[in-house]
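What follows is a short report on a single structure.
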Amino acid sequence: MTGRWTKEHFGGAAEPLAERLLGASLVRVLADGSRLAGRIVETEAYLGVMDRAAHAFGGRRTARNETMYAAAGTSYVYLIYGMYHCFNVVCGELDEPTAVLIRALEPVEGLVQMQQARPRARRQRDLCSGPGKLCQALRIDRSLDGACLASGEAIYVEGAQGPPAASRVVRCARIGVDYAGSWAARPLRYYLHDSDHVSKKLRPS
DNA sequence: ATGACGATTTACT
DNA sequence: GTAAATCGTCATA
């Protein structure tokens, strides 16, 4: 399936969306018309006001996280650690601040430009294997916060629309949310087991 | 007005 | 494994 995702595809809860996004392509079209794209291989669900790891925990609504309260299919981009950006897909109902963080891509189109945007990357697998990395590679920054993925031209999702086979999906705890108490352990991270482009593999125990 | 803090990445021991 | 880089945002005053 190669069609572009529309508004309906982004609706619903964060967890099924996080799983459904695996295998689909994130497409970024630059001002000069060039197309950068990657297959989504890793995501995380953020469940809103109840989720201690989420920016909207407890109903917090600020200038930074305002777009989390927007309609499903809106892009939520924020700056983290003063130097990287993270890209999320807003889902759920209007005023319900749930979202899916895109954590890793397998580069598919525009690899040369991705490499130029990430000169430190030594290999292909270093290009988009993390939320900050993929934003650098696809030139995603706060100017794309609030963009509509369903109808905008700058960034959108296309391709696979059903979830991958369950046997190919690993579900585990999210990364970098140790401050979130019991929510840190909840299995809200998803990745494709056979991908070489995820940010971190689950360590075998 | 000020201080503490990240949904991270990189380089280095 | 540990540490540094770097700054907009937000809670406190």
Modelled atom types, side-chain donor and acceptor of Ser199(A) and Glu42(A), under 3.5 Å:
yes

Whole-Å distance separating the NE2 atom of His55(A) from the P atom of dC5(B):
15 Å

Counting the atoms with a prime plus P, OP1 and OP2 as sugar-phosphate, which does Gly82(A) contact under 4.0 Å by heavy atoms, base, sugar-phosphate, or nothing?
base

Is His197(A) close to Leu105(A) at the side-chain level, that is, under 4.5 Å between some pair of heavy atoms?
no

What does dA7(B) pair with, Watson-Crick or G-U, if both distances are under 3.5 Å?
none

Tell me: CG of Asp141(A) to P of dT6(C), nearest whole Å?
18 Å

Which nucleotide, dT9(B), dA7(B), dT6(C), lies nearest any side-chain atom of Pro131(A)?
dT9(B)

Contact check, side chains of Leu149(A) and Trp5(A), non-hydrogen atoms, under 4.5 Å:
no

Expressed as a whole number of angstroms, how long is the span from Asn88(A):CG to dG6(B):P?
17 Å

Looking at Glu15(A) and Arg186(A), does any basic side-chain N land under 4.0 Å from a carboxylate oxygen?
no

Using the six-membered ring for Trp and the full ring for Phe, Tyr or His, decide whether Tyr78(A) stacks on the six-membered base ring of dA7(B) (centres under 5.5 Å, planes under 30°).
no

Here the distance between atom P of dT9(C) and atom CE of Met83(A), to the nearest Å, is 16 Å

Report yes if at least one side-chain N or O of Arg122(A) is closer than 4.0 Å to OP1 or OP2 of dA11(B); otherwise report no.
no

What is the distance, to the nearest angstrom, from the CD atom on Glu42(A) to the P atom on dT8(B)?
10 Å

Measure the distance from CD on Glu66(A) to C1' on dT9(C) and round it to the nearest whole Å.
14 Å

Check whether the aromatic ring of Tyr81(A) stacks on the base of dT8(B), taking stacking as ring centres less than 5.5 Å apart and planes within 30° of each other.
yes

First of Tyr84(A) and Ala63(A) reached from the 5' end of DNA chain C, by closest nucleotide
Tyr84(A)

Check whether any side-chain N or O of Arg118(A) sits under 4.0 Å from OP1 or OP2 of dT9(B), and answer yes or no.
no

Can you identify which nucleotide, out of dT10(B), dG6(B), dG8(C), has its nearest atom closest to the Leu79(A) side chain?
dG8(C)

When we call it a touch if two heavy atoms are under 4.0 Å apart, what does Ala180(A) touch: a base, just sugar-phosphate, or nothing?
nothing

Quick one: Glu44(A) CD to dA7(B) C1', roughly how many Å, whole number?
6 Å

Determine: side-chain N/O of Arg103(A) to OP1/OP2 of dA7(B), distance under 4.0 Å, yes or no.
no

Would you classify Arg64(A) as touching base, sugar-phosphate or nothing, given that sugar-phosphate means primed atoms plus P, OP1 and OP2, and contacts are heavy atoms under 4.0 Å?
sugar-phosphate

Looking at dA7(B), I'd like to know if its phosphate oxygens (OP1 or OP2) sit under 4.0 Å from a side-chain N or O belonging to Tyr179(A).
yes

How would you label the contact of Leu101(A) with the nucleic acid (heavy atoms, under 4.0 Å): base, sugar-phosphate, or nothing?
base

Please report, rounded to the nearest Å, how far the P atom of dT10(B) is from the CZ atom of Arg123(A).
12 Å

Contact under 4.0 Å: Arg60(A) side-chain N or O vs dT9(C) OP1/OP2:
no

How are the rings of His55(A) and Tyr78(A) set to each other: parallel, tilted or perpendicular (split at 30° and 60°)?
perpendicular

Salt-bridge test for Arg123(A) and Asp196(A): reply yes if a basic N is under 4.0 Å from a carboxylate O, no otherwise.
no

